[in-house]
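Not measured: the values here are computed from a predicted model. Throughout, protein chains are lettered first and strands after them, A, B, ... in sequence-line order, and every chain is numbered starting at 1.
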Protein chains: 2
Amino acid sequence: MNLKQLSKQLSLSQTTVSRALNGYPEVREATRKRVADEAARLGYRPNAHARRLATGRSHAIGFVFPSDRSVMIDPLFSDFVAGAAEVYALQGFETLLHAGGHEDEMAVYRRFAEDGAVDGVVVQAPHVNDPRVALLNDLQIPYIVHGRLDSSENDYSWLDIDNGGAFQKATKLLTDLGHTRIALLNGPENLTYALHRRKGYEAALAERNLHAATPYMFSGVLTEENGYREAKRVLQLPNRPTALLISSMMMVSGAIRACNELGLAIGKQVSLIGHDDGLPFMNAEGLVPSLTTTTSSIRDAGSRVAELLLERIECPASPLAGELWNVDLIVRGSTGPAPR
Amino acid sequence: MNLKQLSKQLSLSQTTVSRALNGYPEVREATRKRVADEAARLGYRPNAHARRLATGRSHAIGFVFPSDRSVMIDPLFSDFVAGAAEVYALQGFETLLHAGGHEDEMAVYRRFAEDGAVDGVVVQAPHVNDPRVALLNDLQIPYIVHGRLDSSENDYSWLDIDNGGAFQKATKLLTDLGHTRIALLNGPENLTYALHRRKGYEAALAERNLHAATPYMFSGVLTEENGYREAKRVLQLPNRPTALLISSMMMVSGAIRACNELGLAIGKQVSLIGHDDGLPFMNAEGLVPSLTTTTSSIRDAGSRVAELLLERIECPASPLAGELWNVDLIVRGSTGPAPR
DNA sequence: AGAATTTCCCAAACCGCTTTGAGGACTGAA
DNA sequence: TTCAGTCCTCAAAGCGGTTTGGGAAATTCT
């Protein structure tokens, strides 16, 4: 059932039918109703490809993942994408995933721009002075960044959680409890989110005239194994830290394993704070002792980013969006006063 | 730069240029080369939407996730999709993700069929007598199932790992080691993969005239918390199992936590075998003791499924594919003789 | 009543590509 | 020289929508 058939059925022109269905004012309400009813009765659906060709809009949003596997591996990304995809689906947008392939990420954006494959893209895991935003500005593709760059330029839309504030709060909680040796098991610090976390951590230490010794810090991929290995390493240092600040639940899982193995009681001999992105398969509250966390749902962030991007696509002239989400510090059982 | 401009530039007709670029034989080699060079020089790329409209092929593969969040949460799915997406990208196919929205999964397939949004779909996490394959057969959309149904019908293409065999092997290893009380922490058994695993487990027990007592079994979502809770539960039964068979690494992680908490030495007082899908953030070998696993990369499965689907799309007439992958049992340190 | 609007609808052009059906320019054979 | 057979190229007709530029009928204004 296509437009031509439908309009013949109704003894109307294609124009009128098209306008009736798309809500244009040039058609009488009675006619519109008649068209809508008949369309529903016959189960007419406009062909998406034809519409795209005619309008130049694709009604699709693109996510591109680098061929380098280390990014897509992260379950964080899929939860984020899931949150976004749901919003897109509700708004009648498709979600396009581009992972790897021969082109590099920038080339994919170029192609997207050339053949109008997508109406917008979302940039994930930005790093300091990320070249992607310059390219996208150039290509005039609507986009939004999940996270922020760390440059002086501020010519892009973004949504970010307050990573710096969160880790500052978390660190402060620990220093208030008397901890002076606090380790940080962080994500890759070429990514801004991890960088901001470290800065927050250092800021809170500085308030107490403490400073972080390099051996207490780790920066790397957020795997269980890294969490285990590095927790074990720092906890075996001659002057071992009494608290660990950990950037992901996966790493926390490894760290708990390390503590158990070393026979260190969590919340007593060693305090743990983790960042919880709200992944559904790993619950901070269910741990024993329950885990003190900085908490922010990455899935919700995905949804909100989707909304912002759609708004941006609707009104490209609207001012750039910048949204910073507060992150709650939820104190549970894994933090306690520093042992003496 | 579109086809019309390019052909004008070359003083050729659109037909000839199109044919030259698409490898049709009706054009002289010299002409083809001239066209190709000019196209490359000017950076011409055919408009994807126009091509789709003209050919009726979308060069896209669809994944649809139910609005019910419990499926998409699973990091397994994203790893699978990542593996597939990479293949699609290499073959010039887009990957379409549809998560939630107002339509239910079946309605989305219907829409896909009506407006040719995708050239094929992949069905994940099939359950017994899954209605999706009947619908897809009806709609004539090329598709492939990751996993199998459990019905007598066999009219679909699939790729599956030998879940039954794997868990049978694993259970046999344990009975050979003298274990007689073996618990199974399984995925949701309305899904065939989990059902097959239970059947394999029961078959191996039956070989020794053992049978599984209900309290030793759990079926549910593969979360860390479920692993912890259920491991703890079974290990506190009056007649506690000496070995645990666990369906995912996330659950293993929880189970290890439970063992540590109960002071049970893994590989000595309690043996553990986990199924390892090769997720990059959770390494079985890195555990202490290293974990005995049944191992099969779900990412590789994603890639292979993608290949099979693309073949199917190329030649719809070709016979249905059915590919059963053997699963290796890798014996490491978490299994030992049954304590007496 | 006649002019000026407004309302409603239509034919046709267009989006950019593929593909059909046919024609012109060669070749080689008769 | 003529005719059939290749080889190469083209104009035009789709694909299925949207959008422009009118035009006829109905309404309002003088």
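- For DNA chain C, the residues of residues 28-45 of chain A within the heavy-atom distance limit of 4.0 Å (strictly under) are A:Arg28, A:Thr31, sorted by number.
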For this session: Quick one: do B:Ile313 and B:Arg57 satisfy side chain to side chain contact (heavy atoms under 4.5 Å, CB included)? Show the steps, please.
Result: CA-CA 10 Å; B:Ile313 290 169; B:Arg57 292 191 47 182; 3.6 Å; yes
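- Residue pairs satisfying the ring pair (Phe, Tyr, Trp, His ring centres under 6.0 Å) criterion with at least one member in residues 35-64 of chain A, sequence neighbours excluded, are listed as follows: A:His59-A:Phe93.
- In this structure, A:Asp277 contributes its side chain and A:Leu279 its backbone to no donor-acceptor pair below 3.5 Å.
- Side-chain nitrogen and oxygen atoms of A:Tyr24 include at least one within less than 4.0 Å of the OP1 or OP2 phosphate oxygen of D:dT19.
- Close to D:dT18, at under 4.0 Å from its OP1 or OP2, lies a side-chain N or O of A:Asn22.
- One atom, CG of B:Asn47, and another, P of D:dC15, lie 19 Å apart when rounded to the nearest Å.
- Contact between the side-chain N/O atoms of A:Asn2 and the OP1/OP2 oxygens of D:dC15 is not found at any separation under 4.0 Å.
- Note on residues 126-149 of chain A: pairs passing side-chain hydrogen bond (donor to acceptor under 3.5 Å, both in side chains), not counting sequence neighbours, are A:Glu105-A:Arg132, A:His127-A:Asp130, A:Asp130-A:Arg132, A:Asn137-A:Tyr143, A:Asn137-A:Asp155, A:Arg148-A:Asp160.
- Within the 4.0 angstrom heavy-atom criterion, only backbone atoms of the sugar-phosphate kind lie near B:Ser11; the bases stay farther away.
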Which atom pairs link the protein and nucleotides 20-22 of chain D when you take only N or O atoms and keep those under 3.5 Å?
none

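- Applying the salt bridge (Lys or Arg N to Asp or Glu O under 4.0 Å) rule to B:Arg28 yields no partners; only residues at least two apart in sequence or on another chain are considered.
- Between B:Ser18 and B:Leu3, the closest heavy-atom pair is CB-CD2, 4.1 Å.
- Taking 4.5 Å as the limit, every side-chain heavy atom of B:Trp158 sits out of range of all side-chain heavy atoms of B:Leu149.
- Residues of residues 49-60 of chain B that place a heavy atom closer than 4.0 Å to DNA chain D, in numerical order, are B:Leu53, B:Ala54.
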For this session: For the pair B:Lys33 and B:Asp37, evaluate salt bridge (charged side-chain N to carboxylate O under 4.0 Å, His left out) and give the outcome as yes or no after the intermediate values.
Result: CA-CA 6 Å; B:Lys33 172 121 176 41; B:Asp37 288 351; 2.7 Å; yes
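- One finds a side-chain N or O of A:Ser13 lying less than 4.0 angstrom from the OP1 or OP2 phosphate oxygen of C:dC10.
- Salt-bridge annotation for B:Arg111 and B:Glu114: absent, with no side-chain N of the basic residue lying under 4.0 Å from a carboxylate O of the acidic one.
- Of all heavy-atom pairs between B:Ser318 and B:Cys315, the closest is OG-O, 2.7 Å.
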